[in-house]
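A quick write-up on the structure given underneath.
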Amino acid sequence: MIDQATNVRPGEQLDGQAVSDWLRTNGVELVGEPEITQFSGGASNWTYRLKYAYRDLILRRPPNGTKAKSAHDMVREYRIQHALKSVYPTVPTMVAACKDHAVLGCDFYVMERLEGIIPRANLPRDVKLDATQVRKLCTNVLDELIALHKADYQSKPDLVALYKGPGFCQRQVEGWDQRYEKVITWNVPSFRKVRRWLKANCPADSTACLIHNDWRFDNVVLDPHDPTKVIGVLDWELSTVDDPLIDLGSMLAYWIQPDDNFVMRSMRRQPTHLPGMMTREEVVHYYLDKTGLSGAHWTFYEVFGVFRLAGIAQQIYYRYHHGQTDNSAFKNFWIVAHALHRRCLQLMRKAR
């Protein structure tokens, strides 16, 4: 039931002695050397468990050969969580960050392990929730997102520094437009109509707050004694300060409900299909009611979230298509692009 690490993958071994020596040099008290295992979840950074005699730690580092530091900025992710802890307690407790490449050949950070349940595509077999409990889980996850958006980031200089000024929605649209253009393959839609629509309907930012930018059920940790309760939020790599409705729209792109078509249901990676879960429409009403934000431009945010997800999926498929990875799990991602394109067009038609 508890999310567990397993054997370290070949080619991704970690020098535990080097990490222990560095931690001790930086004042972290440790007994003995760690048992090292690795978490399988996530498609970006590598995550390890370092189990010492009296300490249970997590180490996060970028994959080997990473060129774009901005895409795997471990020190940035550490600083965000360290600054956030006092105003948003659900973030993990940070231990130390390392910029000395003599240790592991890359930046990395270490945090305390949160022991709990990660709700992935399906809840663990031993977690049995009825519809009432599922609804409580759903509202608790949404309430955590709302709490983050209301957190007093302005009292923390490291968080204030994340804000790049007005125009976040426009920058996001332009950025993902360019990213998608670079990874188009012959067998996927160009999204040209969608991209033009997003540019033409881009609103001014609704407000500015701290956003997670990758909010999903599989980035939260649940209490093993009460699986409806959130005890942690993970993966702050994309977090920034800007429009909270971008966060909501991006989250809902992953939100698969029972009446979605077969292709959409096959994409599901979180348990939003369970009886008791809100529909996407109910989520939006709940969020807007709790925050007081306007939903006047909501279709833009929802279409953008779906287009952004298509861009993420196509970036992965592009690597498979060009033989940069042989992971067969990616071979049908071109179908995902078509399904997401259709969803964008449906949402745009509804907005007329």
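As a basis for the values below, the full set of heavy atoms in this structure was taken, side chains included, without hydrogen atoms, waters or symmetry mates. Start at 1 with the first residue, then count along the sequence.
Nearest heavy-atom pair, Pro203 versus Phe300, reported as atom, atom and distance to 0.1 Å: CD-CD2, 3.4 Å. In plain terms, the two heavy atoms of Val194 and Cys344 that are nearest each other are CG2-CB, 3.7 Å. Residues Pro62 and Asp107 come closest through the heavy atom pair CD-O, 3.2 Å. Between Pro227 and Leu222, the shortest heavy-atom distance links the atoms O-CD1, 3.1 Å. Scanning all heavy atoms of the two residues, the minimum distance from Pro271 to Phe217 falls at CD-CB, 4.1 Å. Nearest heavy-atom pair, Arg216 versus Arg269, reported as atom, atom and distance to 0.1 Å: NH2-NH2, 3.1 Å.
Put simply, Leu50 and Val8 are part of the same group of oily side chains (I, L, V, M, F, W, Y) that touch within less than 4.5 Å, one to the next. One hydrophobic cluster holds both Leu148 and Val160 under the rule that ILVMFWY side chains link at heavy-atom gaps under 4.5 Å. Under the 4.5 Å side-chain heavy-atom criterion for Ile, Leu, Val, Met, Phe, Trp and Tyr, Leu198 and Met348 are members of the same hydrophobic cluster. Transitive grouping of hydrophobic side chains (ILVMFWY, heavy atoms separated by less than 4.5 Å) brings Trp298 and Leu345 into a common cluster. Val127 and Leu137 fall within the same hydrophobic cluster, where Ile, Leu, Val, Met, Phe, Trp and Tyr residues are linked whenever their side-chain heavy atoms come under 4.5 Å apart, directly or through other members.
Scored by the side chain to side chain contact (heavy atoms under 4.5 Å, CB included) test, Thr299 finds Trp197, Val303, Ala351 as partners (sequence neighbours excluded). With sequence neighbours left out, the salt bridge (charged side-chain N to carboxylate O under 4.0 Å, His left out) criterion links Asp235 to Arg60. For Lys150, the side chain to side chain contact (heavy atoms under 4.5 Å, CB included) test picks out Ile146, with sequence neighbours left out. Under the salt bridge (charged side-chain N to carboxylate O under 4.0 Å, His left out) criterion, Glu181 pairs with Arg195, not counting sequence neighbours.
Applying the side-chain contact (heavy atoms from CB on, under 4.5 Å) test between Phe108 and each of Val75, Leu59, Asp100 identifies Leu59 as the sole match. With Glu112 as the partner, the salt bridge (Lys or Arg N to Asp or Glu O under 4.0 Å) test is satisfied by one option alone out of Arg49, Arg55, Lys85: Arg55.
With a 4.5 Å cut-off on side-chain heavy atoms, Ser266 and Met264 do not count as touching. Residues Pro119 and Val220 form a side-chain contact, since some pair of their non-hydrogen atoms from C-beta on lies under 4.5 Å apart. You'll find the side chain of Val221 stays beyond 4.5 Å of the side chain of Val230, heavy atoms only. Under the 4.5 Å side-chain criterion, counting only non-hydrogen atoms from C-beta, Trp236 is in contact with Leu84. Taking the side chain as every heavy atom from C-beta outward, Asp130 and Gln133 approach each other to under 4.5 Å. Side-chain atoms of Leu234 and Ile118, non-hydrogen and from C-beta on, do get closer than 4.5 Å to each other. Between Pro244 and Ser206, some side-chain heavy-atom pair lies under the 4.5 Å cut-off. Between Val87 and Leu210, the closest side-chain pair of non-hydrogen atoms is not below 4.5 Å.
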Under the side-chain contact (heavy atoms from CB on, under 4.5 Å) criterion, do Arg120 and Asp3 qualify, and how do the steps go? CA-CA 10 Å; Arg120 304 191 192 280; Asp3 199 56; 3.0 Å; yes
Check the pair Thr37, Lys51 against side chain to side chain donor-acceptor pair (under 3.5 Å), reporting the backbone distance first and the verdict last. CA-CA 8 Å; Thr37 48; Lys51 187 178 181 182; over 6 Å; no
Tell me, with the steps shown, if Asp247 and His212 meet side-chain contact (heavy atoms from CB on, under 4.5 Å). CA-CA 7 Å; Asp247 226 3; His212 184 274; 3.9 Å; yes
Begin from the C-alpha positions of Tyr52 and Ser20 and carry the test side chain to side chain donor-acceptor pair (under 3.5 Å) through to its verdict. CA-CA 10 Å; Tyr52 292 89; Ser20 296; 2.7 Å; yes
Kindly determine whether Ile211 and Thr240 satisfy side-chain contact (heavy atoms from CB on, under 4.5 Å), including the steps that lead there. CA-CA 6 Å; Ile211 65 174; Thr240 189; 3.8 Å; yes
List the steps and the verdict of side chain to side chain donor-acceptor pair (under 3.5 Å) for Glu77 and Tyr109. CA-CA 9 Å; Glu77 189 173 343; Tyr109 74 86; 2.9 Å; yes
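Applying the under-4.5 Å side-chain rule to Ile, Leu, Val, Met, Phe, Trp and Tyr, the cluster around Trp186 consists of that residue alone.
Residue His273 places its NE2 atom among more than 12 non-hydrogen atoms of other residues, nucleotides or ligands, all under 6.0 Å distant. Within a 6.0 Å sphere centred on CG of Asn7, heavy atoms belonging to other residues, nucleotides or ligands number 12 at most. Atom CZ of Arg342 has 12 or fewer neighbouring heavy atoms from other residues, nucleotides or ligands inside a 6.0 Å radius. With a 6.0 Å radius and a threshold of 12 heavy atoms from other residues, nucleotides or ligands, His82 has its NE2 atom at or below the threshold. Within 6.0 Å of atom CD in Glu29, 12 or fewer heavy atoms from other residues, nucleotides or ligands are found, so the atom counts as exposed in its surroundings. The 12-atom threshold is exceeded at CD of Gln17, counting heavy atoms of other residues, nucleotides or ligands nearer than 6.0 Å.
Between the side chains of Asp143 and Tyr286, at least one donor N or O lies within less than 3.5 Å of an accepting N or O. Looking only at atom types and distance, the side chain of Asp243 has a donor-acceptor partner in the side chain of Tyr301 under 3.5 Å away. Asn140 and Glu144 share no side-chain donor-acceptor pair at under 3.5 Å.
Separation of atoms NE2 (His321) and CD (Gln324) is listed at 10.5 Å; rounding is to 0.5 Å. Here the straight-line distance linking atom CZ of Phe330 with atom CD of Gln315 works out to 12.0 Å at 0.5 Å rounding. In this structure, CZ on Arg135 lies 12.0 Å from CG on Leu274, to the nearest 0.5 angstrom. Taken to the nearest 0.5 Å, the CZ atom of Arg196 stands 11.0 Å off from the CG atom of Asp177. Between Leu145 atom CG and Lys290 atom NZ the span is 12.5 Å, to the nearest 0.5 Å. Rounding to the nearest 0.5 Å places CG of Leu30 at 13.0 Å from OH of Tyr54.
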Check residues 331-340 and write down every donor-acceptor pair under 3.5 Å in which the side-chain atom is one partner and the other belongs to a residue at least two apart or another chain.
{"unit_1": "His338", "atom_1": "NE2", "unit_2": "Asn187", "atom_2": "O", "d": "2.8"}

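The pair Arg171-Asp242 meets the salt-bridge criterion, since a charged nitrogen lies less than 4.0 angstrom from a carboxylate oxygen. Using a cut-off of 4.0 Å between Lys/Arg side-chain N and Asp/Glu carboxylate O, Glu33 and Arg24 are scored as salt-bridged. Comment: Arg79 does not engage Asp73 in a salt bridge, judged by the lack of any side-chain N to carboxylate O separation of less than 4.0 angstrom.
Two rings, from Tyr163 and Tyr153, have their centers 6.0 Å or more apart. Note: Tyr287 and His149 meet the aromatic proximity criterion, with ring centroids under 6.0 Å apart. In summary, the aromatic rings of His322 and Tyr318 are positioned with their centroids under 6.0 Å apart.
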